[in-house]
Amino acid sequence: MLRYPLRLLIALIVFVTVACDPEENISEFNGENENAPKITVKGFTTEIEVVTQITIEINDDSEIVSNRLIVNGEEILENSDKNFKFDINPFDYPVGENKFVFYSVDEDGNETKFENTTIIKKFLASIASPYLIGNGRVFISANSMSGELLTNVEVFKDFENVKLYAGDNFTEQPIIVTSYVLLGEDNGVFSEIKSIFNIEPGTNLIEYQKKSGTFTENTYNPTSLTEYFSIEVQDFEFENIANSLLGNYRNGWDTYAQVFTTEVVEELNGFKSNLFGNVSRSANVEDILLHTTNSTLNSSFDKIKLEDYRYLFINTSNEQSISFSQFLPPNDIGYIYLPDNVERYSLSVTGFKDESAMNQQNYSTMFSESPRNFNKNTVEIPLINEFGLIISKISFPVNAYTTMEASVVGEKTIEIPDWSGQKNGELITLNGDFDLFHLLTIKRLPVNNKTVRWEYFHKNENEVNLNIKSFEFPEVIKSLASASFFELESIKTPDIENVTFIGSSGNLDYEQLLFGNNGLIPRPYNAGPVDIFRLSTILNSSNGN
């Protein structure tokens with residue numbers, strides 16, 4: 001018989017296993033009588049923050065045993081099972097010490113008891129903070145979806161891993177995680193605020209940040225060691241090609257290599273490039289792709305045509321001098337088809353050896369261009385046999401108010417998605433099949449021509465009320481704003497509002513698309529070969545503004 005609701009029982013299980021793997025927390029209990037039941041418990045830990053499962057196994061000669069579980073003096077479970085599991089949900093228990101007492105009695109009345117005291121914490125979310133700019137300050141808070149402030153902490157080091165906890169008065173529900181970046185004493189104003197809506201309590205956002213390549217406390221190393229090298233490439237016929245060599249390699253967030261042209265020397269038989277490169281010492285790089293590109297050429301050089309594209313895989317440990325005659329043309333030409341009437345675009349193509357390399361973000365940049373006066377909708381890209389998969393990132397303006405970005409796998413036809421949003425007060429009405437929307441608002445301050453950016457990330461819903469007017473700022477944030485003679489509430493009525501829609505061809509989680517590399521389209525690890533699209537536009541108002 002269960003006297004507590006099933007949800008509470010589930011919560012109990014959670015409490016037991018929060019800190020460790022249940023298989024790594026095994027305790028055995030024997031009664032005073034050698035014939036008493038022998039109890040094996042798996043999963044209990046000294047602290048529980050998230051839903052944890054407890055496993056109970058009872059060994060006794062009796063066919064039937066009688067079990068009771070008492071928590072903080074109240075019986076919550078009674079059964080006759082020799083093997084069973086239950087969950088502990090910390091949101092069903094008070095914060096602090098909680099005492100669990102379990103009794104098992106066999107048919108002859110022999111009893112075995114175990115007691116366990118566990119500290120309950122109501123874990124809301126974890127997130128790596130933004131970068132601390134100069135003498136600035138960073139705060140992280142959690143609010144309910146209605147705007148009520150739940151907790152806030154200050155960050156004291158770059159990309160610090162922050163954990164947020166709720167008090168006893170919190171009812172389990174989705175939350176908003178917000179970061180506040182201040183420019184510091186000299187500037188005295190807020191730089192940006194970012195709010196992520198619809199986060200389920202117990203979510204570890206740091207794992208999603210890691211998988212997107214975002215720096216965290218565990219992945220950021222400002223003193224990472226770098227080795228430098230130089231390579232000489234001879235026998236160029238044309239100066240623009242001699243100036244165009246480039247190589248970029250990356251494997252995750254901490255392994256990289258790059259090569260670029262530093263000097264071109266004219267010789268009797270043509271031109272020579274002196275290349276400079278650096279590689280992280282953690283890198284195990286045998287082959288770095290070196291290729292020609294227009295992205296390094298300034299306006300004084302003629303742009304390189306695709307038929308002049310050349311590439312070579314080099315080994316930085318032994319390559320000192322090579323000839324441009326060793327470079328190869330692409331094995332084939334691929335095509336990206338753009339919508340009609342696209343007048344300009346920016347393109348970057350990266351190559352992956354296989355899908356496993358793509359899932360680990362192990363890639364080389366192989367081509368990039370940003371042509372002007374573009375008058376056709378077919379974009380040609382080089383294909384190299386060593387790369388089993390390629391991803392093309394392409395962006396272009398749709399009209400004066402809208403831009404389109406796409407990160408697509410292989411050769412593709414790019415279509416502009418039918419996504420739109422309209423705002424009426426705090427209510428936003430959304431249309432289209434996308435995964436999340438990102439609202440950017442900007443408020444100009446009457447102090448030293450400063451602005452505050454407030455960004456909102458939210459799951460796709462037909463109608464969303466952001467409850468901005470009722471959003472509660474932490475007291476420390478209000479005090480700092482007041483000290484800077486800045487009316488904090490004024491940013492809730494912005495001057496500019498822009499909305500970005502993000503969607504994918506795969507079945508990605510909302511959290512997987514929240515974080516991107518340096519503001520680019522997010523490409524989460526282990527997401528599979530999916531296409532990701534982003535459409536940014538001015539948010540329409542129902543009153544015509």
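Throughout, residue positions are numbered sequentially from 1 according to the sequence presented.
Counting only N and O atoms by type, the side chains of Tyr249 and Asn362 include a donor and acceptor under 3.5 Å apart. Under 3.5 Å, the side chains of Ser146 and Asn467 contain no donor-acceptor pair of N or O atoms. Residues Thr293 and Thr296 have side chains that never bring a donor and an acceptor to within less than 3.5 angstrom of each other. Between the side chains of Thr178 and Ser195, at least one donor N or O lies within less than 3.5 Å of an accepting N or O.
Scanning all heavy atoms of the two residues, the minimum distance from Thr219 to Thr214 falls at OG1-O, 3.9 Å.
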Show your reasoning for whether ring-ring contact (aromatic ring centres under 6.0 Å, His included) applies to Phe139 and Tyr180. CA-CA 5 Å; Phe139 297 86; Tyr180 308 81; 7.2 Å; no
Could you walk me through whether Phe367 and Ile390 pass side-chain contact (heavy atoms from CB on, under 4.5 Å), step by step? CA-CA 11 Å; Phe367 185 69; Ile390 62 168; over 6 Å; no
Evaluate the ring-ring contact (aromatic ring centres under 6.0 Å, His included) criterion for residues Phe197 and Phe457: first the C-alpha distance (whole Å), next the side-chain angles of each, then the deciding distance (0.1 Å), finally the verdict. CA-CA 6 Å; Phe197 286 66; Phe457 297 84; 9.5 Å; no
Evaluate the criterion ring-ring contact (aromatic ring centres under 6.0 Å, His included) for residue pair Phe437 and Phe501; output intermediate values, then yes/no. CA-CA 4 Å; Phe437 76 92; Phe501 306 92; 7.2 Å; no
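A cation-pi geometry, defined here as NZ or CZ lying under 6.0 Å from the six-membered ring centre and within 45° of its normal, does not hold between Lys492 and Phe471. In this structure, Lys478 is not positioned above the aromatic face of Phe473 in the sense of NZ or CZ being under 6.0 Å from the six-membered ring centre and within 45° of the axis.
Taking a 6.0 Å sphere around CG of Asp418, one finds it holds 12 or fewer heavy atoms contributed by other residues, nucleotides or ligands. Within a 6.0 Å sphere centred on CD of Glu97, heavy atoms belonging to other residues, nucleotides or ligands number 12 at most. Around the CG atom of Asn399, the shell of radius 6.0 Å holds more than 12 heavy atoms that belong to other residues, nucleotides or ligands. Summarising the local packing, CZ of Phe276 is surrounded by more than 12 heavy atoms from other residues, nucleotides or ligands at distances under 6.0 Å. Within a 6.0 Å radius of CD in Glu415, no more than 12 heavy atoms belonging to other residues, nucleotides or ligands are found.
Taking 4.5 Å as the limit, some side-chain heavy atom of Phe533 sits within range of a side-chain heavy atom of Met404. In this structure, the side chains of Arg444 and Ile496 come closer than 4.5 Å at one or more pairs of heavy atoms. You'll find the side chain of Glu461 reaches within 4.5 Å of the side chain of Asn198, heavy atoms only. Using a 4.5 Å cut-off on side-chain heavy atoms (C-beta onward), His438 and Ser536 make no contact.
A side chain to side chain donor-acceptor pair (under 3.5 Å) with Tyr256 is found for exactly one of Thr226, Asn251, Asn248, namely Thr226.
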